[in-house]
2 protein chains.
Amino acid sequence: MAQRKARGVVTVADVAEHAGVSPGTVSKALNGRGQLKSETRQRVLASAEKLGFAPNLLARSLLSGRTYTVGVLTTDSVGRFTIPLLTGAEDALGAGQMSMLLCESRGDAIREQHYLRVLMARRVDGIIITGRSSNVRPSLGQDFPIPVVYALCQSDSMEDLSVLHDDEKGAEMAVNHLVETGRSRIAHVSGPPRHAATQNRSRGAATALAAAGLSLVLGEPLHGEWSEAWGREAAQRLMRSGERFNGVFCASDQIARGVADGLREGGVAVPEDVGIVGVDNWLPMAEASRPPLTTIDLNLAELGHIAATRLLSAIEGKDAASGIERVPAFLVKRRSTEIG
Amino acid sequence: MAQRKARGVVTVADVAEHAGVSPGTVSKALNGRGQLKSETRQRVLASAEKLGFAPNLLARSLLSGRTYTVGVLTTDSVGRFTIPLLTGAEDALGAGQMSMLLCESRGDAIREQHYLRVLMARRVDGIIITGRSSNVRPSLGQDFPIPVVYALCQSDSMEDLSVLHDDEKGAEMAVNHLVETGRSRIAHVSGPPRHAATQNRSRGAATALAAAGLSLVLGEPLHGEWSEAWGREAAQRLMRSGERFNGVFCASDQIARGVADGLREGGVAVPEDVGIVGVDNWLPMAEASRPPLTTIDLNLAELGHIAATRLLSAIEGKDAASGIERVPAFLVKRRSTEIG
DNA sequence: CTGAAAGCGCTAACAC
DNA sequence: GTGTTAGCGCTTTCAG
């Protein structure tokens, strides 16, 4: 090798020499293992400090078989939904001194295979697979050699653990809140019908309405894109339909904001005439909306935290959970549903 | 160690045995080094394939002194601005088979120190420091043992390389575009005065106006928060000022959107009466705005790509660049400045 | 209580 | 052409 004794790389041997002990002793002193005279331990610690010793984790990992690293593989590119998830995961992992190796496969299967190989070669202790495609994705399989947790996206195998947000219960909370604030004629403006999120939110809305003895204005959800433009168009349709309505549950904050704008510009007062609830608690939308939006927060940071925690358990050989774990959403109240 | 021969961990020794050769030969065959009979090479490759051999990168790194890993340390938490940057960095790194270890220090100096220690212990080949605080941040120092590049945030030492977006030139492009589309009475609605971004954008606007022989409507930029609400308020102020104006350069898309809403609701037509340009090309804002916003894209993915590329050069011992490298912004035209 | 020695998985000299 | 050996930096028996 060209680089012998590269700049400043202090090893246990160096510390040992400086402290006048053997490398084995240094190891014991630094890791608090074995029986050492406390004076020796102090001397070693002092030497280590003085030389600026930083243990080489690679060497340790080679020996222990653990890298204290988890791979995070995002199937689509890192986006708005992945960020809080990463933050939550880091919280859970950081406490266990684990690090995150980040890979974006961008929906490309070839890339995904590549990254999986890389992560295995790097001997990560476990993998979090994430990605927004809230529709089901193929499992890595049961004989994948290390623990895997799916976060925010669902594996097609129930042997795997998928940690998911709770669209359905979230939608129920939204509708219940509209009902509790006195709205009885509720419409539902949603996203593209093929998305799992759309379907789950519609189902939750239906459940809550049924429980309240109500039914959806127009009988059906209105489907469109996840955009403000669609929200505005939906507002037009509602106003033109001739149906009376005093509440709208929107499947995203973008849609909700569009609906709020559409209604206001059509002369309908929010929240006085109509209450609106969105989903996402995406602050730039929810807070900038006129009025600011009451919305369902899907609790993605918590989701990331839980996914990481479950992965850690599996890595440590504890009962590996499986199936689907749903993380409860919560309601954030703002002006769009205020009464009085 | 508890776990001897953990599940499925195939080593060169296993491959060697299976192929009836020595470990050294396996290494040569797999890495295309040395002189081997091609038949032997084939046999080894076949065995490796069959056993599902995946080389342990840790062992290789321990030997070579390189981990093919870079640490990415975000000073504030990962946000909207960090995402494209990460994507760009990954593009550049992935090509070189490097992986990214992600650490969020969240603006906490203790955490930052901790993560730096971790990254050093993991023997990363280099570090990208990023974070949105576009004001200057303290350098890690010249005797930091591995290469460091600052991306999106500026080091206080000119010995370091800071890769930054180009607020000033971007602002010039914005104002020039307004001028080229026939606007001569241009106002500037900006963010908080203490932010570097605010100052740089104002400076660029002033330069471009001076070059066109124009001066700012109201003489001064209007300062407020980075929000739509501020944009709406600024629109009111402009309309009430009695000054004539036909162009507004806004220092963010959020502000620009607020201005567009404020003007429209005040009976001013955009783009017919007034052209608007924003900054960020933040699609959920720029495209949802009515009308959609012409805006300056700060090219953050490219910024990430460049930062990673420069880091790779430094790691490979090439001329380590220093000082400030500005990544050119570009203009994205949408309806808010359309003419005819 | 401390030192010596072996070995994690791999690669690079140097023999043969 | 291929095998053997040594060693990357660390931890962990096992002697002493």
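Values below: all heavy atoms of this structure, side chains included; hydrogens, waters and symmetry mates excluded.
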A.B. asks: Rounding to an integer number of Å, can you tell me how far B/Leu58 CG sits from D/dC8 P?
C.D. replies: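 Spelled out: CG on B/Leu58 to P on D/dC8 is 17 Å.
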A.B. asks: Angle between the two end axes of the helix from C/dC1-D/dG16 to C/dC16-D/dG1, five base pairs per end, rounded to 10 degrees?
C.D. replies: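 Taking the rotation axis at each end, their angle is 50°.
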A.B. asks: Going through the checks in order, is the side-chain contact (heavy atoms from CB on, under 4.5 Å) test met by A/Leu152 and A/His165?
C.D. replies: CA-CA 7 Å; A/Leu152 204 57; A/His165 54 273; 3.4 Å; yes
A.B. asks: A/Arg123 has an atom CZ; how far is it from atom P of C/dC8, in whole Å?
C.D. replies: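 Taking atom P of C/dC8 as the reference, CZ of A/Arg123 is at 14 Å.
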A.B. asks: Answer yes or no: is there an ion pair linking B/Asp14 with B/Lys50, defined by an N-O contact shorter than 4.0 Å?
C.D. replies: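 Answer for the salt bridge query: no.
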A.B. asks: Tell me which nucleotide among C/dC10, C/dG9, D/dT12 gets nearest to the side chain of A/Ser27.
C.D. replies: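 Looking only at heavy atoms from C-beta outward on A/Ser27, the closest nucleotide is D/dT12.
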A.B. asks: For the pair A/Glu112 and A/Arg137, find out whether any cationic side-chain nitrogen is under 4.0 Å from an anionic carboxylate oxygen.
C.D. replies: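 Counted as a salt bridge, because a side-chain N and a carboxylate O are separated by less than 4.0 Å.
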A.B. asks: Side-chain donor-acceptor pair under 3.5 Å between A/Ser99 and B/Arg122, yes or no?
C.D. replies: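 Short answer, yes.
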A.B. asks: With no hydrogens and no angle check, just 3.5 Å: does a side-chain donor-acceptor pair link A/Glu325 and A/Ser162?
C.D. replies: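 No, no side-chain donor-acceptor contact under 3.5 Å.
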A.B. asks: Scan nucleotides 1-4 of chain C against the protein and return all N/O pairs shorter than 3.5 Å with their distances rounded to 0.1 Å.
C.D. replies:
residue: C/dT2; atom: OP1; partner: A/Thr40; partner atom: OG1; Å: 2.4
residue: C/dT2; atom: OP2; partner: A/Lys37; partner atom: N; Å: 2.8
residue: C/dT2; atom: OP2; partner: A/Thr40; partner atom: OG1; Å: 3.2
residue: C/dG3; atom: OP2; partner: A/Ser22; partner atom: N; Å: 3.0
residue: C/dG3; atom: OP2; partner: A/Ser22; partner atom: OG; Å: 3.4
residue: C/dG3; atom: OP2; partner: A/Thr25; partner atom: OG1; Å: 2.8
residue: C/dG3; atom: O6; partner: A/Lys28; partner atom: NZ; Å: 2.7

A.B. asks: Rounded off to whole Å, could you give me the CG-to-P distance for the B/Leu62 and C/dG7 pair?
C.D. replies: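 From B/Leu62 CG to C/dG7 P: 17 Å.
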A.B. asks: What residue among A/Ile110, A/Leu73, A/Leu116 forms side chain to side chain contact (heavy atoms under 4.5 Å, CB included) with A/Ser105?
C.D. replies: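 One option only clears the test, and that one is A/Leu73.
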A.B. asks: With respect to the phosphate group of C/dC10, does any side-chain polar atom (N or O) of B/Arg60 fall under 4.0 Å of OP1 or OP2?
C.D. replies: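 The answer is no; no side-chain N or O of B/Arg60 sits under 4.0 Å from OP1 or OP2.
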A.B. asks: Is any side-chain nitrogen or oxygen of B/Thr11 closer than 4.0 Å to OP1 or OP2 of C/dG9?
C.D. replies: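 Indeed not, no polar side-chain atom of B/Thr11 lies that close.
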A.B. asks: Has A/Arg33 got a side-chain N or O lying under 4.0 Å from the OP1 or OP2 atom of D/dT12?
C.D. replies: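 Yes, because at least one side-chain N or O of A/Arg33 sits under 4.0 Å from OP1 or OP2 of D/dT12.
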A.B. asks: Using whole Å, what does the distance between atom C1' of nucleotide D/dT13 and atom CG of A/Leu63 come to?
C.D. replies: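 It works out to 12 Å between those atoms.
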A.B. asks: We want to know whether A/Ser22 and A/Thr25 form a side-chain donor-acceptor pair, criterion being a heavy-atom distance below 3.5 angstrom.
C.D. replies: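 The criterion, which ignores hydrogens and geometry beyond distance, is satisfied for A/Thr25 and A/Ser22.
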A.B. asks: Starting at CG of A/Leu51 and ending at P of D/dG9, how long is that distance when rounded to a whole Å?
C.D. replies: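 One finds 15 Å between P of D/dG9 and CG of A/Leu51, rounded.
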A.B. asks: Write down the distance between OH (B/Tyr68) and P (C/dT11), rounded to a whole number of angstrom.
C.D. replies: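 These atoms are roughly 11 Å apart.
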A.B. asks: What closest approach, in Å, do B/Met98 and B/Val70 show between heavy atoms, and which atom pair accounts for it?
C.D. replies: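 Taking every non-hydrogen atom into account, CE-CG1, 3.5 Å.
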A.B. asks: When you measure from the side-chain N and O atoms of B/Asn31 to the phosphate of C/dT11, is any distance below 4.0 Å, counting only OP1 and OP2?
C.D. replies: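 Checking B/Asn31 against C/dT11: at least one side-chain N or O falls below 4.0 Å of OP1 or OP2.
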A.B. asks: To the nearest Å, how far apart are A/Leu57 CG and C/dG9 P?
C.D. replies: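 About 18 Å, once rounded to whole Å.
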A.B. asks: Rounded to whole angstrom units, what separation is found between the CD atom of A/Glu17 and the C1' atom of D/dG9?
C.D. replies: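 About 15 Å, once rounded to whole Å.
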A.B. asks: The criterion is side chain to side chain donor-acceptor pair (under 3.5 Å); which residues satisfy it with B/Ser139, sequence neighbours excluded?
C.D. replies: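 Side chain to side chain donor-acceptor pair (under 3.5 Å) list for B/Ser139, sorted by chain: B/Asp160.
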